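Written out below as structure tokens is the structure these notes cover.
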Number of protein chains: 2
Amino acid sequence: MALTIKDIASMAGVSKGTVSRVINNNPEGVSEETREKILKLIDEVGYVPNKMARSITVAETKTIGLIIPDVQNPFFPQVIRGVEDCAMENGYTVFLCNSDSDIKKEQKYLYTFLEKRVDGIIINTSGDLNDRKLTTLIHKSNIPIVILDRKIKELSRYPGVYVDNARAAREGVSYLIENGSSNIAYIAGVKDVYTVEERLKGYCMALEDRGIILNKKYISYGGYNIQSGYERTREMLSHNPEIDGIFAGCDTIAIGVLKALRELNKKVPDDIQLLGFDNITMSGEMVPPITTVSQPMYDMGYQAARMLLASIQDKTIHQADQYLETVLMIRESTGNKHVRKEI
Amino acid sequence: MALTIKDIASMAGVSKGTVSRVINNNPEGVSEETREKILKLIDEVGYVPNKMARSITVAETKTIGLIIPDVQNPFFPQVIRGVEDCAMENGYTVFLCNSDSDIKKEQKYLYTFLEKRVDGIIINTSGDLNDRKLTTLIHKSNIPIVILDRKIKELSRYPGVYVDNARAAREGVSYLIENGSSNIAYIAGVKDVYTVEERLKGYCMALEDRGIILNKKYISYGGYNIQSGYERTREMLSHNPEIDGIFAGCDTIAIGVLKALRELNKKVPDDIQLLGFDNITMSGEMVPPITTVSQPMYDMGYQAARMLLASIQDKTIHQADQYLETVLMIRESTGNKHVRKEI
DNA sequence: GTGAAAGCGCTAACAG
DNA sequence: CTGTTAGCGCTTTCAC
């Protein structure tokens, strides 16, 4: 149906090889004259080279696969954008796949990536792949992979880009304590997820630093959504009215927490200080604006892609894990209670 | 390097054809016995069929391309998810591309899709493609396309899924008027964008319905972000302090508007009513929750994909444009001023 | 500088 | 039921 290199060759009265050299911008092996003639012809007749066919012979697709739990979670659009920008700058196109943190879907997508011979994969999962055969296939395929944000046991041999969640959480929770909170709840994300556990470590360390004894009742696991943050906060406060600080597992949860506090007539930060995590755009637009641990989301995506492209280009070098910096964004949901009360 | 169908064939002592029949689940033409033998072998040695190679011979890639302005705009994640879900359910993988509404990038991506021989394209652009040659290539390629949300002049021959922006805006603005506003500003999106102009029509109709004369000073065009909504509102109110209602071009803008109103100590809705558009998650979480025109974003994506897959399967049928329903989500940023004042 | 030929991994008749 | 053959559209030696 569509024009092929063969058509162009015969139309131009040259061989396929020559046309091939031209469309690949092969600098040598073709005279300026014929090159221009062919280029002009291609333009006139509207020939679009079939990259699929090229890919099969050169064994590279200029395509990378990206698996994330869900684009609808506000954390991801920025990292996706980082990945895509870097990919695009280097001539790669990206397959975007939402796994819903469902192992079955992750497996399916990974296998599809293998079938489609993507040049590399960036993946953010909730935990383990749990499929010995798949991981074997992946290893054997020799395809470069970089892990994003959450470590994966079966894929521990691959490099990744992370943030020091424990350190960041420790810093944030310490700030809460410094500003007068001592009964701090951790309205966390899903149990057993790497980042959730790391942040728990940080939370515990901060308490320990100040000699505050950990109260397990103050920890609640659940979904990464507003509703879940809202419900768990109401639940938490009904049982533990003494709570005067809340560390939310992510900003989306924090927004739900804030909603609950508003309904319960708790003043933020006077009655209860609130700390989020991520620094999604909306966290700064709430009333009050939420203090949060800012993650370099765009950069995480961008760096992951850079790393991946580097391993694609040189499969022999072993990339080292990369840890990006977080910064505590102090806004109005936290603050020194004593100072405030004195006003 | 990797195993090929040929390797499997020789290992199993059969021909490539037989292996091909097995991996394609071709129901006939192969005995249960050899089928199982081959399947077992494939599993043991870890062979992953090369879909690239398959694609070139069967002329289908099971891939679709999706172009949107920017994943980071909260409107898109849901539509992307709708597209992806439908694609995935039907065995397709999607290329996600962010164009930033930049014609050059749109052209580049479109050309890449042609080169990679995607089976279909879903596109949301800001306006015209402005590239006669490209559109010719697209037409000649005979590739199915569906337009998403915004009509495109050069691609008017393709079907799309839309919302009746004019009707929706008219309904929303009418609601503002019914509740006592008469000096209503339209803090719009980017000028000349299809949806922006359609909503303007609705705004004008609503005014006309009630005999309110259009004041052009009340219309402001600008970016789809919080900052822009914020700045334009301050500007607008400084020149036109009589304004008692604002129709924001989208919810992101509305959030910026709200921020400005808060700073200016304008009570919402008592002093100024606020109406948004889209119904992104956060619009319901603001204080006060924003009344907005709810668009079925996920469904728009899902239906666009359905439509596309239908045209892929049957290139001869001509799909009709599809208009999805909006609903006015009445929340607390609007309300009857007189009733409120009487309280 | 250019053409011819072989081959990439797979599918699709066509025989038998 | 299975093997053989001829491509699919392109790249890549290797001669000339």
Side-chain angles (χ1 to χ4, degrees), chain A residues 1-39 41-42 45-63 112 114-119 141-143, chain B residues 1-39 41-42 45-63 112 114-119 141-143:
Chain A
M1 201 83 258
L3 291 169
T4 73
I5 198 173
K6 199 172 146 194
D7 299 321
I8 301 301
S10 69
M11 283 167 134
V14 299
S15 74
K16 294 192 299 175
T18 303
V19 177
S20 175
R21 273 162 227 154
V22 171
I23 63 184
N24 288 305
N25 269 312
N26 211 318
E28 46 203 276
V30 104
S31 73
E32 223 15 71
E33 193 184 2
T34 50
R35 178 182 302 274
E36 279 177 10
K37 183 176 75 178
I38 293 174
L39 249 17
L41 179 64
I42 286 176
V45 301
Y47 163 65
V48 181
N50 185 333
K51 292 284 186 190
M52 289 301 276
R54 164 166 231 271
S55 289
I56 150 180
T57 108
V58 300
E60 81 170 4
T61 55
K62 287 288 182 184
T63 294
T112 301
L114 258 24
E115 289 183 320
K116 299 210 183 204
R117 301 293 194 265
V118 299
D119 293 337
S141 77
N142 212 21
I143 185 175
Chain B
M1 200 83 259
L3 292 169
T4 73
I5 198 173
K6 199 171 147 195
D7 299 321
I8 300 301
S10 69
M11 284 166 134
V14 298
S15 74
K16 293 192 301 174
T18 303
V19 178
S20 175
R21 278 175 277 242
V22 171
I23 62 184
N24 287 305
N25 268 313
N26 211 319
E28 49 203 275
V30 77
S31 73
E32 224 15 71
E33 194 185 2
T34 51
R35 178 183 303 273
E36 279 178 9
K37 182 176 76 178
I38 293 174
L39 248 18
L41 178 65
I42 286 176
V45 302
Y47 162 66
V48 181
N50 185 334
K51 293 283 186 190
M52 289 300 276
R54 164 169 231 271
S55 289
I56 151 181
T57 109
V58 301
E60 81 171 4
T61 54
K62 288 287 182 185
T63 294
T112 301
L114 258 24
E115 288 183 319
K116 298 211 185 209
R117 301 293 195 263
V118 299
D119 293 337
S141 76
N142 211 22
I143 186 175

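Model, not experiment: these values are computed from the prediction.
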- Message: Applying a 4.0 Å non-hydrogen cut-off, can you work out what T34(B) is touching in the nucleic acid: base, sugar-phosphate, or nothing?
- Response: sugar-phosphate
- Task: With sequence neighbours left out, write down each residue that passes side chain to side chain donor-acceptor pair (under 3.5 Å) with S141(A), or none if nothing qualifies.
- Result: none
- Message: With a strict under 4.0 Å distance from non-hydrogen atoms of chain B, what nucleotide opens and what nucleotide closes the contacted stretch of DNA chain C, reading 5' to 3'?
- Response: dG9(C) to dA12(C)
- Note on the structure: The side-chain contact (heavy atoms from CB on, under 4.5 Å) partner of L41(B) among I8(B), V19(B), V22(B), V14(B) is I8(B)
- Item | For N26(B), all residues meeting side chain to side chain donor-acceptor pair (under 3.5 Å), sequence neighbours excluded | none
- Pairwise side-chain contact, D119(B) with T63(B), heavy-atom cut-off 4.5 Å (strictly under): no
Under 3.5 Å, which protein N or O atoms sit close to an N or O of nucleotides 7-11 of chain D? Give each pair with its distance.
unit_1, atom_1, unit_2, atom_2, d
dC10(D), OP1, Y47(A), OH, 2.6
dC10(D), OP1, N50(A), N, 2.7
dC10(D), OP2, I5(A), N, 2.3
dC10(D), OP2, Y47(A), OH, 3.3
dC10(D), N4, K16(A), NZ, 2.6
dT11(D), OP1, N24(A), OD1, 3.2
dT11(D), OP1, N24(A), ND2, 2.8
dT11(D), OP1, R54(A), NE, 2.8
dT11(D), OP2, S20(A), OG, 2.7
dT11(D), OP2, N24(A), ND2, 3.4
dT11(D), O4', T57(A), OG1, 3.0

- Query: Looking at five pairs on each end of the helix from dG1(C)-dC16(D) to dG16(C)-dC1(D), what is the angle between the two axes, given to 10 degrees?
  - Reply: 40°
- Item | With sequence neighbours excluded, residues passing side chain to side chain donor-acceptor pair (under 3.5 Å) with S15(B) | T18(B)
- Identify, with sequence neighbours excluded, every residue that meets side chain to side chain donor-acceptor pair (under 3.5 Å) alongside K16(B). none
- Task: For the pair K116(A) (side chain) and T61(B) (backbone), establish whether a donor and an acceptor sit closer than 3.5 Å, ignoring hydrogens and angles.
- Result: yes
- Sequence neighbours left out, what passes side chain to side chain contact (heavy atoms under 4.5 Å, CB included) with S31(B)? Give chain and number order. E33(B), T34(B)
- Query: Among all residues two or more places apart in sequence or in another chain, which pass the salt bridge (charged side-chain N to carboxylate O under 4.0 Å, His left out) test with R35(B)?
  - Reply: E32(B)
Quiz: residues 45-55 of chain A side-chain donor-acceptor pairs under 3.5 angstrom, not counting sequence neighbours:
unit_1, atom_1, unit_2, atom_2, d
N50(A), OD1, M52(A), N, 2.8
N50(A), OD1, A53(A), N, 3.2
R54(A), NE, N24(A), OD1, 3.2
R54(A), NH2, N24(A), OD1, 3.4
S55(A), OG, K51(A), O, 2.9
S55(A), OG, E60(A), O, 2.9

